[in-house]
Asker: 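Would you mind keeping the following structure in view while I ask a few things?
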Amino acid sequence: MSAADLKAFLSKVGNNQAIRDRIHAATGVDDILTIAQSHGFSLSKPAVLRAHGEALSQADDAQLQRVNTWGDALIHCFGVADSD
């Protein structure tokens, strides 16, 4: 998995409410990988976790306060905003 693969998946997430809802409901990284795979993306767990950790380390307290699930953390940290 490359950074481009992750960005491509997150772009799809950002443009698709149904996928975003599934991501919000994710309970862990394995759920995220399954969702990505079901949409034709091959992401690796170590690469997603590294990117996620890096993004979390740069988030401010207000951003972190809005995180309730692992899926929320992925969406917020990688800049995929809800459209509603």
Asker: Evaluate the side-chain proximity of K12 to K7: yes if any heavy-atom separation is below 4.5 Å, no if none is.
Answerer: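 They are not in side-chain contact.
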Asker: Mind listing the closest non-hydrogen atom pair of S42 and D5 along with its distance?
Answerer: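 Answer, listing the atom of S42 first, then D5: O-OD2, 4.5 Å.
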Asker: Could you go through H39 and R22, starting from their C-alpha distance and side-chain angles, then the distance that decides it, and tell me whether this counts as side-chain contact (heavy atoms from CB on, under 4.5 Å)?
Answerer: CA-CA 12 Å; H39 290 278; R22 289 183 65 199; 3.7 Å; yes
Asker: Side chains of D61 and Q65: do they bring a donor and an acceptor to under 3.5 Å?
Answerer: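 Side-chain D/A pair, D61 to Q65: absent.
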Asker: What distance do S44 atom OG and L6 atom CG have between them, rounded to the nearest 0.5 Å?
Answerer: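 It comes to 9.5 Å.
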Asker: Between the main-chain N or O of D60 and the side-chain N or O of Q63, is there a donor-acceptor pair closer than 3.5 Å?
Answerer: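 Between the backbone of D60 and the side chain of Q63 there is a qualifying donor-acceptor contact (under 3.5 Å).
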Asker: Return the CZ to CG distance between R20 and L10, rounded to the nearest 0.5 Å.
Answerer: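 Rounded to the nearest 0.5 Å, the CZ-CG separation comes to 11.5 Å.
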Asker: I need the minimum non-hydrogen distance between F9 and I35, along with the two atoms involved.
Answerer: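 Distance-wise, the nearest heavy atoms are CZ-CG2, 4.2 Å.
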Asker: Between atom CG of D30 and atom NZ of K45, what is the distance when rounded to the nearest 0.5 Å?
Answerer: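 Atom-to-atom, D30:CG and K45:NZ are 3.5 Å apart.
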Asker: Output the distance between atom CG (L49) and atom NE2 (H52), rounded to the nearest 0.5 Å.
Answerer: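 With rounding to 0.5 Å, CG (L49) is 8.0 Å from NE2 (H52).
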Asker: Which heavy atom of I32 sits nearest a heavy atom of A26, and at what distance?
Answerer: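 Scanning both residues completely, I find the closest heavy atoms to be CD1-CB, 3.4 Å.
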